[in-house]
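Only this structure's heavy atoms are used, side chains among them; waters, hydrogens and symmetry mates stay out.
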Amino acid sequence: MNASTNSTVIPSGDASELLLDTRVSDKRIQPLLERADALTRELSGGRGYIWTAIGIDSTPCEMGCSFCSHAAKWDAYRNAPPLDAAAIVAKAGELADGGSDFVVLRTTQCYDLNRLLMLGKRVRDRIGEDIHLVVNTGEMDADTVKALKDAGFSMVYHVVRLREGVDTGHTVAMRVRTIETALAGGLEVQYLIEPLGPEHSPAEILTEARRARSLGASGTGVMARVSVMGTP
């Protein structure tokens with residue numbers, strides 16, 4: 001607050017950044033939020049979509065992302081039993097029967113491709129053709145994308161994470177390369193701005209939001225970072 005006028009000081013800068021600035025009162029942007037809500041409901045026909053995911057392995061990952069509980073250095077999943085194929089297919093069927101529009105098979109970075117392809121085919125057979133089958137796995141080349149599509153996957157979840165290359169063992173270039181390869185191979189891309197924490201500035205958040213648009217993601221959103229005991 002400005003002591004002399006007792007009014008909120010509006011910081012200068014990019015208008016989009018102001019929407020994410022916690023110093024700006026929600027009341028000042030309420031009309032804009034209401035208009036955005038109305039346009040969203042009009043565009044979607046008032047229908048929401050259900051996104052579900054199955055974590056199919058808990059393998060320690062050597063990429064060492066500081067926010068990820070699967071990073072080998074945190075030693076959090078050494079004794080976690082893997083899900084077998086029958087359990088994964090059964091769970092996918094439950095999700096589909098329960099009304100899911102998207103079923104995601106989520107793996108760690110270096111999950112075996114042949115096994116993933118087998119799971120994709122079996123899950124696709126179980127859930128039918130009307131539900132999006134999404135893969136969330138490691139980096140991929142054109143041959144991998146084709147194999148995943150042939151196995152029944154219609155989408156890939158892949159993003160440039162916030163502070164990629166700083167808090168992660170990846171680079172921005174390698175993540176973008178996978179996204180572009182997936183799109184070129186006919187897979188849609190879903191892209192959340194993540195993992196969002198209090199240290200991330202409006203400028204950082206908007207960089208990834210704009211990247212999602214420029215790359216051609218068909219769906220976007222945000223995902224907050226969840227604290228896991230034993231990690232930073």
Side-chain angles (χ1 to χ4, degrees), residues 1-2 7-44 47-49 51 53 63-69 71 101-102 104 106 109 132 134-140 155-184 187-228 231-232:
M1 302 294 288
N2 184 311
S7 62
T8 303
V9 176
I10 303 300
S12 60
D14 185 288
S16 298
E17 289 187 29
L18 293 180
L19 294 174
L20 296 174
D21 195 312
T22 57
R23 294 170 293 176
V24 178
S25 169
D26 289 348
K27 293 181 180 179
R28 294 187 68 92
I29 59 173
Q30 189 63 31
L32 179 60
L33 297 177
E34 291 173 354
R35 180 59 178 153
D37 179 69
L39 288 172
T40 298
R41 292 173 185 275
E42 179 182 343
L43 180 65
S44 65
R47 186 198 190 286
Y49 293 84
W51 174 279
M63 298 306 290
C65 301
S66 63
F67 49 73
C68 183
S69 59
D101 298 292
F102 302 82
V104 187
R106 181 180 293 148
Q109 175 73 12
H132 293 290
V134 188
V135 62
N136 180 355
T137 190
E139 310 310 313
M140 57 189 75
M155 289 183 170
V156 58
Y157 177 81
H158 212 78
V159 313
V160 177
R161 279 81 55 89
L162 289 163
R163 302 195 180 179
E164 195 78 76
V166 176
D167 292 340
T168 78
H170 302 68
T171 66
V172 170
M174 69 190 285
R175 301 291 288 185
V176 169
R177 184 165 55 247
T178 289
I179 293 169
E180 292 177 337
T181 301
L183 288 168
L187 292 177
E188 290 186 52
V189 171
Q190 298 283 303
Y191 191 121
L192 299 187
I193 314 309
E194 56 106 338
L196 192 62
E199 74 275 21
H200 298 123
S201 69
E204 288 177 288
I205 296 167
L206 286 168
T207 293
E208 295 314 320
R210 288 165 176 155
R211 195 194 308 273
R213 171 183 282 184
S214 67
L215 288 172
S218 61
T220 62
V222 296
M223 183 169 67
R225 188 181 64 239
V226 178
S227 299
V228 178
T231 76

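The aromatic rings of Tyr157 and Trp51 stand perpendicular to each other, their planes meeting at an angle above 60°, with 30° marking the opposite boundary.
Between the side chain of Ser44 and the main chain of Thr40, a donor-acceptor pair closer than 3.5 Å is present. Glu180 contributes no side-chain N or O that, together with a main-chain N or O of Arg177, makes up a donor-acceptor pair within less than 3.5 Å. Under a 3.5 Å cut-off, the side chain of Arg175 and the backbone N or O of Val159 do form a donor-acceptor pair. Judged by distance alone, with hydrogens and angles left aside, the side-chain atoms of Tyr191 form a donor-acceptor pair with the main-chain N or O of Val160 at under 3.5 Å.
In this structure the side chain of Val156 reaches within 4.5 angstrom of the side chain of Met140, judged on heavy atoms. Within the 4.5 Å cutoff, side-chain heavy atoms of Glu139 are placed close to those of His158. Here the side chains of Leu20 and Leu206 are in contact, with some heavy-atom distance below 4.5 Å. Using a 4.5 Å heavy-atom threshold, the side chains of Met63 and Cys68 count as separate. At a threshold of 4.5 Å between non-hydrogen side-chain atoms, the residues Val222 and Ile205 do not count as touching.
For the residue pair His170 / Gln109, a side-chain donor-acceptor distance below 3.5 Å is found, with atom types taken as modelled. Of the N and O atoms on the side chains of Ser218 and Gln190, at least one donor lies less than 3.5 Å from an acceptor on the other residue.
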Quiz item: Taking it one step at a time, do Glu194 and Arg225 satisfy side chain to side chain contact (heavy atoms under 4.5 Å, CB included)?
Solution: CA-CA 7 Å; Glu194 56 106 338; Arg225 188 181 64 239; over 6 Å; no

Exercise. Test side chain to side chain contact (heavy atoms under 4.5 Å, CB included) on Ser16 and Arg210 and set out the steps.
Key: CA-CA 11 Å; Ser16 298; Arg210 288 165 176 155; 3.5 Å; yes

Exercise. Could you walk me through whether Asp167 and Leu162 pass the side chain to side chain contact (heavy atoms under 4.5 Å, CB included) test, one step at a time?
Key: CA-CA 8 Å; Asp167 292 340; Leu162 289 163; over 6 Å; no

Exercise. Might you work through the side chain to side chain contact (heavy atoms under 4.5 Å, CB included) test for Ile193 and His200, ending with a clear yes or no?
Key: CA-CA 11 Å; Ile193 314 309; His200 298 123; over 6 Å; no

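In terms of heavy atoms, Gly169 sits closest to Cys65 at N-SG, 4.0 Å. Shortest non-hydrogen contact noted between Ala212 and Thr220 is CB-CG2, 3.8 Å.
Annotation: Arg47, atom CZ; neighbour count of heavy atoms from other residues, nucleotides and ligands within 6.0 Å is above 12. At most 12 heavy atoms of other shown residues, nucleotides or ligands fall within 6.0 angstrom of atom CD in Glu42.
Within the model, atoms CG of Asp26 and CG of Leu33 stand 7.0 Å from one another, a figure rounded to the nearest 0.5 Å. Rounded to the nearest 0.5 angstrom, Met223 CE and Arg161 CZ are separated by 9.5 Å.
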